[in-house]
2 protein chains.
Amino acid sequence: MSPPIRRITLKDLARELGVSTATVSNAFNRPDQLSPNLRERILAEAKRLGYRGPDAKARSLRTGRSRIIAVVLAESLTYSLNDAVSSEFLSGVAEVLDSQGHTLLLLSARQAKCQLADAASMADGFIVYGLMPSEELFDSLPLNAALVAVDFNVAGHPSVHVDNEPACFEIADRALSTMPRQRPAIVNLRLTREPCNGRIDTEHTLLPAELTITRSRLAGFHRALVRHGFAAAQVPMWNVEENTFEVCAPVIEEILDLPANERPDLLLCMSDRIALTALTLAESRGLRIPEDICLVGFDGIAEGQYRAPRLTTVRQESGEKGRLAARMILGLEPGHSRLLGTELILGETCP
Amino acid sequence: MSPPIRRITLKDLARELGVSTATVSNAFNRPDQLSPNLRERILAEAKRLGYRGPDAKARSLRTGRSRIIAVVLAESLTYSLNDAVSSEFLSGVAEVLDSQGHTLLLLSARQAKCQLADAASMADGFIVYGLMPSEELFDSLPLNAALVAVDFNVAGHPSVHVDNEPACFEIADRALSTMPRQRPAIVNLRLTREPCNGRIDTEHTLLPAELTITRSRLAGFHRALVRHGFAAAQVPMWNVEENTFEVCAPVIEEILDLPANERPDLLLCMSDRIALTALTLAESRGLRIPEDICLVGFDGIAEGQYRAPRLTTVRQESGEKGRLAARMILGLEPGHSRLLGTELILGETCP
DNA sequence: TTGTAGGCGTTATCAC
DNA sequence: GTGATAACGCCTACAA
């Protein structure tokens, strides 16, 4: 007579039907293990009683699997969800997980450690994206966790990369070939050990190459510059701390507002966001593009192509990166590291 | 002597230390329930043995809560993660969940039903976004689930809305006032019952107002048009099935390629994505903006403001919408429906 | 302050 | 083809 506040369970259902819990469980999970008749009867009764099928929490405890894959993002969720590149990556991951009956749990390496640890013990596997790996983080992951690293390496786990160095070499080489320039400059993304949103000088130490892809991009730029007779160390560099218009703009302004004879006439940017910011601000200053200043980016985001002039850039298939990482974590793909290609896009910002 | 493949558990730890499991549990969950000394000893031993703290799966079964909030998106994850408006919404949700020690599970109403049901029994609560509610969907959610609806209504649950009708009235009224126009037209987003990517004629039936916010937006446009002497029914409408450049472009081309004397000189667009597509395509045809054609959008996405000419549009605070929904689902906010304001942004596409 | 024991809702392994 | 039963790992009255 007591009002059943409690959710109905598999056991209730079994009792109601006068069968064992095992049979009910089988009705849901292994149709071949019982007669169609009985199964039908069970499913019907379940519907009648409002039983929604086995509880995921209990099932995951019992089976050890949750069908949840966690993506651990280096940046904050807020940033990652608004950034075109990581959004596309996530969308690739989601696409595959989805089609394989898994769901996506979003985590950020910036989160409280305990939260990470918690979520960690729920997930069946981890895709870690763009992270400079900190010991701490890996401590909170299960030891033998399935893990795929994207855009960096973790010993003992496969990773997915893009050919940053050759791509940057190619685009810079191209830029320097077709339109001879006097004053190239580089705008980096998160390259210094200590935060620096502005000009990089000799005081700054750079992050080591193992920790960030931006070192590879820089290496590609430098190789091209050297090939065209520049001393790499002489080419001025600016650093941007976050790949957003707001953070980027002051740095770009600092560059564009240099006296005309010092102002760079070619900006090798490590991201489209940076290049687009430069484009917007250059246009608003009445600079002609590409005559007064050439711009090249990296990423190939849509925003750079759906405008005039279109950005000259390198397209990386972020979506494919996500799909690949997801297939790897699900074991649909051999578990060895992979290197994805890129494609040069010739826009009008650097013909 | 058997190699302990098994993960170490709380019980193992207790045995190892010669204390009870309750004490170990308390060491992790209620520090005040045992002496600092003992707690210290337990934590140290845990670290030594590589115990990562209570297993989330078991804990969630026992306590009934998982600290996971699911966001159910009307569109596919792929679309939602690439769309500026929903990304910003998600980022608002994530921000709050994050700060409250919860994590975000991403679901799509387009997913297989069983998947949804599964994930449903994991989550502590649901934020359902932009959904035209289908019975089916709600069937797979727990009966008494905590649920917040965003951009539509669900009986018995609070919702978060934006003042679509007044906002659309205001921007259309403004557009019609400052620059008298002969041939206004409306470009809708997902407004017809049957898919239609092109001109809407009298054959088409529209979705009912309960199911979609686009009906409210249309009502606002119509009210302004009527006020300026147009017969609402005479104003031509085109429909766009998905808020992406690719899907949008052919419709816009159809409009722009009309003979000059039939071509609309004012496009009231239901989203910035639509308006930006129109802007790009109009520019590439050499049309002058706003002289030849005025454009207004809706949303206020960054992309529309970081360019020249800037979009005239209505800003809705998608991020705030997400934050609010998240606070409501966590009980940090009174559980009644809320209506958020919007802000008119005067850009150059319609002065 | 600490220990005991029951149970959260399933699924897997056996028997029958 | 079906039914007992023992885990899965943890939390929490309650008793000591």
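Each chain gets a letter, A, B and so on, in the order the sequences are listed, and its residues count up from 1. Values below: all heavy atoms of this structure, side chains included; hydrogens, waters and symmetry mates excluded.
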### Message
Can you list everything that forms a ring-ring contact (aromatic ring centres under 6.0 Å, His included) with B:F28? Sequence neighbours excluded, please.
### Response
B:Y51
#### Entry: Ion pair B:R338/B:E333, N-O distance below 4.0 Å
yes
### Summary
Closest non-hydrogen contact found for B:V72 with B:A109 is CG1-N, 3.9 Å
### Message
What I want to find out is whether A:E16 reaches A:K11 closely enough, with some N-O distance under 4.0 Å, to be called a salt bridge.
### Response
no
### Message
Closest approach to the side chain of A:S20, judged atom by atom: which nucleotide of D:dG3, C:dT11, D:dC10 is it?
### Response
D:dG3
### Message
Tell me the bend of the helix from C:dT1-D:dA16 to C:dC16-D:dG1 as the angle between end helix axes, each from five pairs, rounded to the nearest 10 degrees.
### Response
30°
### Task
Could you tell me the separation between the CG atom of B:L17 and the P atom of C:dT1, rounded to a whole number of Å?
18 Å
### Query
Do any N or O atoms from the side chain of A:S108 and from the backbone of A:E75 form a donor-acceptor pair under 3.5 angstrom?
yes
### Query
Taking CG from A:L10 and C1' from D:dG3, how many angstroms apart are they, rounded to a whole number?
13 Å
### Query
So does A:E40 have more than 12 non-hydrogen atoms from other groups sitting under 6.0 Å from CD?
no
### Positions of residues 29-46 of chain B (non-hydrogen atom under 4.0 Å from DNA chain D), listed by number
B:N29
### Query
Atom CG of A:L13 to atom P of C:dG9: distance rounded to whole Å?
14 Å
### Query
Starting at CD1 of B:I8 and ending at C1' of D:dC8, how long is that distance when rounded to a whole Å?
16 Å
## Note on the structure
Here the distance between atom C1' of D:dC11 and atom CG of A:D118, to the nearest Å, is 14 Å
### Summary
Applied to residues 91-130 of chain A, the ring pair (Phe, Tyr, Trp, His ring centres under 6.0 Å) test, sequence neighbours excluded, yields A:F89-A:Y129
### Task
Scan residues 60-86 of chain B for pairs that pass ring pair (Phe, Tyr, Trp, His ring centres under 6.0 Å), counting only residues two or more places apart or in two chains.
none
### Salt bridge flag under 4.0 Å for residues B:R327 and B:E320
yes
### Query
Are the side chain of A:D98 and the backbone N or O of A:A94 linked by a donor-acceptor pair below 3.5 Å?
no
### Task
Check every atom of C:dG3, D:dT2, D:dC10 against the side chain of A:T23 and return the nucleotide holding the closest atom.
D:dT2
### Task
Give a yes or no on whether a salt bridge exists between A:R323 and A:E317, defined as a side-chain N under 4.0 angstrom from a carboxylate O.
no
### For atom NZ of B:K11 and atom C1' of C:dG7, their distance in whole Å
13 Å
### Sub-4.0 Å heavy-atom contacts from residues 55-68 of chain B onto DNA chain C, ordered by number
B:L61, B:R62
### Task
Go through C:dT10, C:dG3, D:dG3 for me and flag the one nearest to the A:Y51 side chain.
C:dT10
